[in-house]
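Right, one structure below, let's go through it.
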Amino acid sequence: MDELLAKLHQTNSLTKDEIVELLGSLTPEGRKELFRLADQTRQRHYGKAVFMRGLIEFSNMCKQDCLYCGLRRSNAGVDRYRLTEDEILECVEEGYELGYRSFVLQSGEDFRYTEELLTEIIRRIKARYPEVAITLSIGERSERFYRTLFEAGADRYLLRHETASRSLYESLHPGMSYDNRIDCLYTLKRIGYQVGAGFMVGLPGQTAEHLAEDLLFLHELQPEMIGIGPFIPHSATPLAKAEGGTVDHTLVMIALARLFVPGAMLPATTAMGTLDPVGREKALKAGANVVMPILSPLAVREKYALYENKICTGDEASHCRHCIEMRIVASGYRIEMGRGDHCGFRTDSCLA
Ligand code: SAM
């Protein structure tokens with residue numbers, strides 16, 4: 001195990017068999033060493049900075065039916081909402097006043113937000129606040145759509161690959177294509193976006209081999225951002241009775257992802273904070289370096305329920321910012337409110 005960790009630290013790579021062996025042989029001391037190496041790697045690139053992104057969940061409508069997701073179209077119990085263009089702008093304005101310079105616009109796959117409408121929203125944000133970074137996380141669309149929004153000023157795109165195993169992917173995403181998901185990621189890269197991939201830990205049927213494939217896929221794609229979180233079962237989905245992922249297991253995958261893609265922007269996800277009151281702090285210590293407090297209007301927060309008991313649904317944006325800031329500083333890190341680009345795009349955030 002020690003040799004595998006040393007090899008990974010030096011080369012940022014392992015074979016599939018080696019990853020499986022490492023996952024199966026990690027002792028408590030090995031975990032500590034893994035987290036130490038991951039934290040050291042993150043500090044080499046970004047120091048002690050934790051990059052803040054304001055998350056605006058602008059629609060919970062979704063045409064997809066992912067088995068794990070509370071927003072899936074078959075879940076008739078969801079109180080669906082869409083924010084208007086002006087409401088989205090108001091969230092950005094509130095976030096900007098609070099100091100955010102990086103915004104993530106996320107939704108289900110809601111095609112009512114057309115190319116024209118989203119272009120207009122991005123243009124308005126950029127006209128008013130030219131210095132901010134805009135990340136989109138709105139699912140699979142056409143190359144033309146991605147290109148138009150990039151030209152309108154979108155900087156980044158998050159599209160988790162969810163799992164790099166074709167068979168596991170197909171078992172969880174009725175009517176969706178694994179190849180299309182992967183093609184979208186490469187298309188986004190080619191267009192020039194900073195791209196985020198990522199996966200859930202603890203999906204039903206997921207094995208160490210599947211997780212090894214996720215790491216190898218990340219290594220091949222070299223995304224600028226990597227979102228990894230535990231799968232949390234939602235009671236109104238077909239996976240209600242599944243066990244779900246654990247914080248401990250997810251921490252190991254976050255640390256490994258840091259070592260496989262050392263310069264990635266890697267969030268300590270809300271799902272980690274939902275399973276463990278200090279889950280996000282633990283993620284920071286295991287190599288994560290991004291936090292995404294929610295800026296959506298209070299009236300809709302609870303309705304964006306991918307899973308239940310999500311944290312921060314009742315807090316004002318200003319309260320969220322101060323709560324998470326205190327936690328980050330108490331963990332020994334430093335808040336960074338700038339755009340927070342990946343090192344390969346702009347060097348302001350970067351030490352390495
Ligand atoms: N529709 C967009 C997409 O497909 O990328 C973005 C929104 S989607 C709801 C955001 C992410 O939530 C997904 O990529 C998935 O990994 C995560 N997610 C969905 N259901 C979840 C659950 N039950 N537990 C943990 N994460 C979940």
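Because the structure is a prediction, the values reported are computed rather than measured. All ligand and atom numbering here is 1-based and tracks the order in the structure.
- Qualifying side chain to side chain contact (heavy atoms under 4.5 Å, CB included) partners for Arg72, counting only residues two or more places apart in sequence or in other chains: Asp65, Leu67, Ser74, Asn75, Thr237, Pro238.
- Arg339 and Asp341 are joined by a salt bridge, as a carboxylate oxygen and a charged side-chain nitrogen come within less than 4.0 angstrom of each other.
- Using a 4.0 Å cut-off between a side-chain N of Lys or Arg and a carboxylate O of Asp or Glu, Lys16 and Glu209 do not qualify as a salt bridge.
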Give me the pairs of N or O atoms, one from ligand 1 and one from the protein, that sit under 3.5 Å apart.
{"from": "ligand 1", "atom 1": "1 (N)", "to": "Ser107", "atom 2": "O", "distance (Å)": "3.1"}
{"from": "ligand 1", "atom 1": "4 (O)", "to": "Arg181", "atom 2": "NH2", "distance (Å)": "3.3"}
{"from": "ligand 1", "atom 1": "5 (O)", "to": "Arg181", "atom 2": "NH2", "distance (Å)": "3.3"}
{"from": "ligand 1", "atom 1": "14 (O)", "to": "Glu162", "atom 2": "OE1", "distance (Å)": "3.4"}
{"from": "ligand 1", "atom 1": "14 (O)", "to": "Glu162", "atom 2": "OE2", "distance (Å)": "2.5"}
{"from": "ligand 1", "atom 1": "16 (O)", "to": "Arg160", "atom 2": "NH1", "distance (Å)": "2.9"}
{"from": "ligand 1", "atom 1": "16 (O)", "to": "Glu162", "atom 2": "OE1", "distance (Å)": "2.7"}
{"from": "ligand 1", "atom 1": "23 (N)", "to": "Tyr68", "atom 2": "O", "distance (Å)": "3.0"}
{"from": "ligand 1", "atom 1": "23 (N)", "to": "Ile232", "atom 2": "O", "distance (Å)": "2.8"}
{"from": "ligand 1", "atom 1": "23 (N)", "to": "Leu306", "atom 2": "O", "distance (Å)": "3.4"}
{"from": "ligand 1", "atom 1": "24 (N)", "to": "Ile232", "atom 2": "N", "distance (Å)": "3.0"}

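- Counting only N and O atoms by type, the side chains of Thr148 and Glu115 include a donor and acceptor under 3.5 Å apart.
- In terms of the side-chain hydrogen bond (donor to acceptor under 3.5 Å, both in side chains) criterion, Thr274 has no residue partners (sequence neighbours excluded).
- With sequence neighbours excluded, no residue forms a side-chain hydrogen bond (donor to acceptor under 3.5 Å, both in side chains) with Arg123.
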